[in-house]
Structures are given as C-alpha cells and as structure tokens.
Amino acid sequence: MTSRQLIGPPAGHGRTPARAVAVSSAFGTFGELLQGALPDGGPDFLVTLPIARWATATFEYRSADDSVEVSPATKTRARQVAEAVLARYADGGGTLRLSGALPEGKGLASSSADLVATARAVASAVGVELPPRVIEDVLRRIEPTDGVMYPEAVAFRHREVRLLDRLGALPPMTIVGIDEGGTVDTLAFNRIPKNFTDAERDEYALLLDRIRTAVRAGDAAAIGQVATRSAHLNQRLCRKRTLNAMTALSAEVGGVGVVTAHSGSTIGLLLPHDVAGFRSRLAEAINRCGQLVHRERVLCYQTLVSS
C-alpha cells in the first residue's frame with residue numbers, strides 16, 4: 001500500500017530541487033507456518049503466515065540533501081535500505097519515519113516489515129515502483145528477511161532472501177496466542193547452526209509439499225496440522241514452555257492447530273472463521289490463554305486474506 005505526494009518537479013527535472021513525500025506499508029507475520037531445511041544440503045526455508053498488522057514508512061525525499069535521517073534513530077537497517085534504494089534510482093536524501101503495530105523481537109517480522117515498507121516508500125517518493133524481486137535484491141545485502149514483500153503466503157529462503165514458492169492466500173482464520181516473554185535476536189538465531197538430521201530434512205520436505213497443497217486448496221485443517229508439527233520439531237531450537245498446553249487448548253476450542261514464532265517468543269492457535277460457534281469459541285480461547293499468561297500478553301490477530 002503506497003501513497004505519494006509530489007512537491008515540485010520529479011527528480012532530475014527542472015531547476016528546483018525535487019521534494020516528494022510517500023507513505024507505504026508492509027504486513028507482518030505471526031511466526032511461521034513451517035520452518036526448516038530441505039534435503040541433500042538444501043536451503044533453510046520458512047513459510048509465512050501473513051497477518052492484518054502493518055509497519056508503515058513515510059519518506060520525505062529531498063534531492064538537495066546528501067543523507068538520510070531516520071526516526072526512531074535505532075532503525076539503522078531501515079536507513080541502509082533507504083540509502084540503497086536512493087543509490088539505485090536518484091541522487092539526494094531525506095527523512096524516514098517508521099511506525100506500526102508490530103512488536104519487536106517477538107517473531108512477528110517487525111524488522112522485515114520495516115525494511116520492505118521503507119524500500120517501497122523511498123521508491124515511490126522518487127517515482128519508481130519496486131517489484132518483490134528487486135526488494136529481495138536490496139534487502140539481501142543487509143539482513144536475512146521474511147518474504148513479506150509478496151502479497152500472500154510464500155515459501156521463502158530467508159537466509160538467502162530468495163523466493164522458493166508462492167503458495168497463495170490463506171483461508172480466514174484468527175490467531176489467538178500468547179507472548180511467553182522476553183525477546184529473540186533473529187539475526188543471531190539465524191547464525192546458529194541448526195544441524196538438522198537427514199530424517200528431519202526429509203520430513204521438512206514432505207511438510208512443505210503438504211502445506212503447498214493445503215494452502216492452494218484452502219484446507220485450514222491441513223495447514224494447522226503442518227504448523228503444529230513444525231512447532232513441535234522446533235522445540236530443540238527455540239523452546240516454548242506452553243506448547244503442549246496450547247496444542248491441547250486448540251483441540252478443545254475447535255482450532256486446527258498451533259503456530260509458533262520459530263525464532264521469537266510467541267505461540268498461538270489457529271481458529272478458522274467457518275467453525276460452528278466461532279464467536280463463542282474465540283471468546284473461550286482468549287479467556288483460556290489469559291489463564292496461561294498475564295492478560296496483557298494475550299494476542300489476537302487475523303490472517304491477511306488480501307493486501
């Protein structure tokens with residue numbers, strides 16, 4: 001989603017320094033539906049779970065400037081993205097402001113969303129539209145990234161910042177979850193050797209085939225089964241103390257399974273919108289999650305069905 005306001009002539013035209021303001025956004029994900037590695041030394045990969053929460057970037061481009069200022073100042077990688085886009089397409093600099101509803105360090109792709117929103121906003125401000133493949137190329141030079149530059153669920157080689165496969169839109173579901181507390185440094189987590197066994201890699205390949213089929217068929221039950229298995233396989237890498245309790249709760253309230261942030265602190269259950277008695281089941285799930293953690297750490301997000 002991008003809007004653009006041009007003040008003065010476009011970059012490179014006329015004598016007046018060009019100045020334009022653009023606003024763009026990128027959605028986050030609730031952890032990953034699946035994360036692992038493929039057989040025969042194949043790549044690490046993940047499958048995104050897009051949610052209806054966004055990061056927003058506002059970029060004010062000024063052709064007469066020679067640097068980029070960013071707010072909050074801690075968003076140094078977003079500044080690097082802005083500078084990289086400008087280096088490709090225009091002289092100058094400007095001011096970048098970031099905001100949004102994605103908590104940091106929880107496994108909701110807040111950093112990836114910031115970077116994608118930034119790339120889109122800067123490009124729009126200088127009159128360029130960036131396709132996802134170009135955004136990949138820009139981000140690849142900066143940090144491992146989730147596939148939130150694509151408008152649907154994707155299988156993504158996050159360490160290499162390369163698309164593996166576009167899966168499609170997910171069926172409407174609500175994720176009711178909890179934040180177990182603390183934060184996880186995703187960059188540090190990605191550097192840790194995972195040492196997947198051959199058997200695990202074979203299973204991850206089968207799970208990827210299953211979720212590819214399930215998403216394209218809109219089969220929420222099969223999606224939930226894959227997500228649950230991936231959550232349990234990930235316990236040795238990023239343990240969730242409430243995994244068994246959340247798995248049981250999902251079954252009790254009519255959910256189709258659990259999903260976890262494989263490199264974050266969040267875990268949730270997947271409740272399809274077409275389940276009988278959805279509203280009462282949702283209320284029960286929220287109440288029961290509030291018995292596992294403080295109610296302020298109960299989470300509720302909807303899957304993104306269009307963007």
Side-chain angles (χ1 to χ4, degrees), residues 27-39 42 44-53 107-109 146-148 150-158 163-177 200-235 240 243-244 246-262 266-282 284-286 289 299-307:
F27 57 77
T29 73
F30 193 100
E32 301 81 20
L33 289 168
L34 173 64
Q35 183 167 324
L38 295 176
D44 287 34
F45 75 95
L46 57 80
V47 174
T48 59
L49 172 51
I51 56 174
R53 294 290 178 96
L108 302 186
D146 284 355
V148 298
Y150 291 93
E152 70 272 280
V154 296
F156 199 75
R157 295 159 66 164
H158 52 289
L163 179 70
L164 184 60
D165 197 6
R166 298 178 76 151
L167 305 186
L170 296 170
M173 294 183 284
T174 292
I175 305 111
V176 182
E200 287 173 329
R201 287 174 177 270
D202 289 341
E203 182 170 7
Y204 281 124
L206 291 173
L207 291 171
L208 178 57
D209 284 342
R210 287 182 59 193
I211 202 162
R212 181 185 287 116
T213 300
V215 172
R216 291 171 179 168
D219 187 343
I223 292 170
Q225 290 168 4
V226 172
T228 301
R229 179 57 182 159
S230 187
H232 283 267
L233 285 171
N234 196 61
Q235 281 291 80
K240 302 295 185 293
L243 176 58
N244 290 335
M246 289 293 288
T247 303
L249 176 57
S250 175
E252 292 167 13
V253 301
V256 293
V258 297
V259 60
T260 187
H262 291 69
T266 52
I267 181 172
L269 62 85
L270 296 165
L271 189 64
H273 289 185
D274 61 1
V275 65
F278 169 76
R279 291 188 180 277
S280 61
R281 293 176 186 272
L282 176 61
E284 182 182 358
I286 293 171
C289 283
L299 310 171
C300 193
Y301 302 111
Q302 290 189 0
T303 54
L304 186 69
V305 295
S306 64
S307 65

> Looking at L249 and C289, what are the two nearest heavy atoms and their distance?
CD2-SG, 3.9 Å
> Picking from I175, L170, L299, what satisfies side-chain contact (heavy atoms from CB on, under 4.5 Å) with I51?
I175
> Quick one: does R53's side chain get under 4.5 Å of L108's, heavy atoms only?
no
> Whether the side chain of T303 engages the backbone of L49 through a donor-acceptor N/O pair (distance < 3.5 Å, no angle test) should be reported.
no
> So if I apply the side-chain contact (heavy atoms from CB on, under 4.5 Å) rule between I223 and each of L167, L33, T213, which one comes out positive?
L33
> Report yes if the side chains of P151 and R166 come closer than 4.5 Å at any heavy-atom pair, otherwise no.
yes
> Could you tell me whether the side chain of S250 and the main chain of M246 form a donor-acceptor pair under 3.5 Å?
no
> For R157 and F45, indicate whether the former's side chain and the latter's backbone hold a donor-acceptor pair under 3.5 Å.
no
> From Q35 CD over to T48 OG1, what is the distance, rounded to the nearest 0.5 angstrom?
11.5 Å
> Between R216 (side chain) and G168 (backbone), is there a donor-acceptor pair under 3.5 Å?
no
> Report the distance from atom CE of M173 to atom CG of L269, rounding to the nearest 0.5 Å.
11.0 Å
> So which heavy atom on G147 is nearest to which on V154, and how close?
O-CG2, 3.8 Å
> Ignoring hydrogens and angles, tell me if any N or O in the side chain of T260 forms a donor-acceptor pair with the backbone of I267 under 3.5 Å.
no
> Measure across A109 and G28 and return the closest heavy-atom pair with its distance rounded to 0.1 Å.
CB-CA, 4.4 Å
> If you define the side chain from C-beta out and look only at heavy atoms, does anything of L208 sit under 4.5 Å from L164?
yes
> Enter the distance from E252:CD to E284:CD here, rounded to the nearest 0.5 Å.
7.5 Å
> Less than 4.5 Å apart, side chain to side chain, heavy atoms only: is that true for Y204 and L233?
yes
> V176 and C300: which non-hydrogen atoms are nearest, and at how many Å?
CG2-SG, 4.4 Å
> S230 and side chain to side chain donor-acceptor pair (under 3.5 Å): which single residue from H262, Q225, E32 fits?
H262
> For A155 and L163, work out which heavy atoms get closest and say how close.
O-CD1, 3.7 Å
> Could you check whether any side-chain heavy atom of D146 comes within less than 4.5 Å of a side-chain heavy atom of F156, counting everything from C-beta outward?
no
> Spell out, as yes or no, whether a donor-acceptor pair under 3.5 Å connects the side chain of R201 to the backbone of G42.
yes
> Does the side chain of L243 come within less than 4.5 Å of T247's, by heavy atoms?
yes
> If you look at every heavy atom in V258 and A231, which pair is closest and at what distance?
CG2-CB, 4.1 Å
> Taking the side chain as C-beta and beyond, is there a heavy-atom pair between T174 and Y301 under 4.5 Å?
no
